[in-house]
Amino acid sequence: MNTVQAIIIGIHICSLLFLAVYLKLLFNYERKYKMTESRFTLLFGFINISNIAFAYILTIGLFAITTIFLLPYF
Amino acid sequence: MNDLSTNNKDRHFKGQYADEEVVAFFRSHWIILLPHLLIHAFFLAVFVAVFVVFFPFIISFFITPLGEVVMVVAVICITYFIHRFFIRLVTQFLHTVIITNFRIVEIEKFILFKDVQLSLDMKMIQDIEKEQNGFWKNILNFGELIIMMSSSDIRVLKYVPNPDFHFRLINRIKRAYVQKRFQDKIQDRPQHSPILHENLTFPGVRISTPDI
């Protein structure tokens, strides 16, 4: 593993740690102060916070995996 | 309706009173996200286009020392933009305006970055004005609620979805609140015993009621 690969893996570890901490705090807050949602309060009438969290995890995860797996080809 | 056994303390938001009921809540209209979504979509499209069109050149460029630095910077930038994009979406969810039977509470919670709570008491609200000026505001049904406080202070709730409904709701709650306060005041007023002639006695004088 060269320096560039190490740096990029380090960046992704920081990114994933941030994601984990952020989502943990977010769901703690959501669980503590739960509101009754309806189609009038959801984003575009159907997107709730869990959908956004799922998309967040998916995007960060996919980006990390793609970059790390593509690294040996550069 | 609340009965005496219900305790709503800190149930839906921090600082909620035990006898406070959440009547409705809303978030900013999605139009507030539109510039943000468009900017990110534009950058994503440019990035993909550049990557696809210049793929052979990029591969050979990333092998050079300068290319390696560019690659690290690109990874940092993309990671930052992905986090920024999703945090902005989550922020949209956590910025809520809660209408209770006592007050209007605006909460701006950004988890790690910001925690602001603004409370407008129903008794302090003097007047409410609804503004929905412009083509897009009427088509997409959003607007502003301008709340005049008794301290001549003005609070503006921007990007309110369905402003007509929330305007009427706040007015109705305020009227109910004022009526309840008025009834409570009447009940709390000390009860005076009726003045009877028999009770009126002065030293040395006896007031007798005339026989009818």
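Side chains included, hydrogens not; waters and symmetry mates left out as well; all remaining heavy atoms used. Per chain, numbering begins at 1; letters A, B, ... match sequence-line order.
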So, for [X] and [Y], which heavy atoms are closest and what is the spacing to 0.1 Å?
X	Y	value
H12(B)	Y33(A)	O-CB, 3.2 Å
V75(B)	F63(A)	O-CE2, 4.0 Å
I52(A)	F93(B)	CD1-CE1, 3.2 Å

What I'd like to find out is whether the side chain of [X] reaches to under 4.5 Å of the side chain of [Y], using heavy atoms alone.
X	Y	result
T79(B)	F18(A)	no
M35(A)	T96(B)	no
K32(A)	D10(B)	no

### Message
Using heavy-atom distances under 4.5 Å, tell me whether I7(A) contacts chain B through its side chain, its backbone, both, or neither.
### Response
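It is the side chain, since no backbone atom gets that close.
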### Task
Check whether A55(A) gets within reach of chain B through its side chain, its backbone, both or neither, counting any heavy atom under 4.5 Å.
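Contact with chain B is through both the backbone and side chain of A55(A).
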Part of [X] within contact of chain A (heavy atom distance under 4.5 Å):
X	value
I107(B)	side chain
V22(B)	side chain
L33(B)	side chain
R27(B)	side chain
K14(B)	both

Nearest-0.5 Å distance that lies between atom [atom1] in [X] and atom [atom2] in [Y]:
X	Y	atom1	atom2	answer
N51(A)	L89(B)	CG	CG	11.0 Å
L19(A)	F86(B)	CG	CZ	9.5 Å
Q5(A)	E68(B)	CD	CD	9.0 Å
I78(B)	S15(A)	CD1	OG	11.5 Å

### chain A contacts, top residue of R11(B), Q92(B), H29(B), Q16(B) (heavy-atom pairs, under 4.5 Å)
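Sorted descending by pairs with chain A, the first entry is R11(B).
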### Task
Go through I87(B), N162(B), V69(B), I98(B) and name the one with the most non-hydrogen pairs under 4.5 angstrom from chain A.
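Winner by heavy-atom pair count: I87(B).
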Taking everything shown except [X] itself, do over 12 heavy atoms lie less than 6.0 Å from its [atom1]?
X	atom1	answer
F182(B)	CZ	no
Y159(B)	OH	no
F110(B)	CZ	yes
Y80(B)	OH	no

#### Entry: Full working for side-chain contact (heavy atoms from CB on, under 4.5 Å) between I11(A) and V72(B)
CA-CA 9 Å; I11(A) 292 165; V72(B) 170; 4.1 Å; yes
### Task
Could you please spell out the steps behind the side-chain contact (heavy atoms from CB on, under 4.5 Å) verdict for W30(B) and I47(A)?
CA-CA 11 Å; W30(B) 57 262; I47(A) 299 172; over 6 Å; no
### Message
For T59(A) and F85(B): C-alpha separation, side-chain torsions, deciding distance, then whether side-chain contact (heavy atoms from CB on, under 4.5 Å) applies.
### Response
CA-CA 11 Å; T59(A) 314; F85(B) 175 75; over 6 Å; no
### Query
Going by the angle between their ring planes, with limits at 30° and 60°, are H83(B) and Y56(A) parallel, tilted or perpendicular?
perpendicular
### Query
Does the side-chain contact (heavy atoms from CB on, under 4.5 Å) test come out yes or no for L94(B) and L26(A), once each step is laid out?
CA-CA 9 Å; L94(B) 298 181; L26(A) 174 68; 3.7 Å; yes
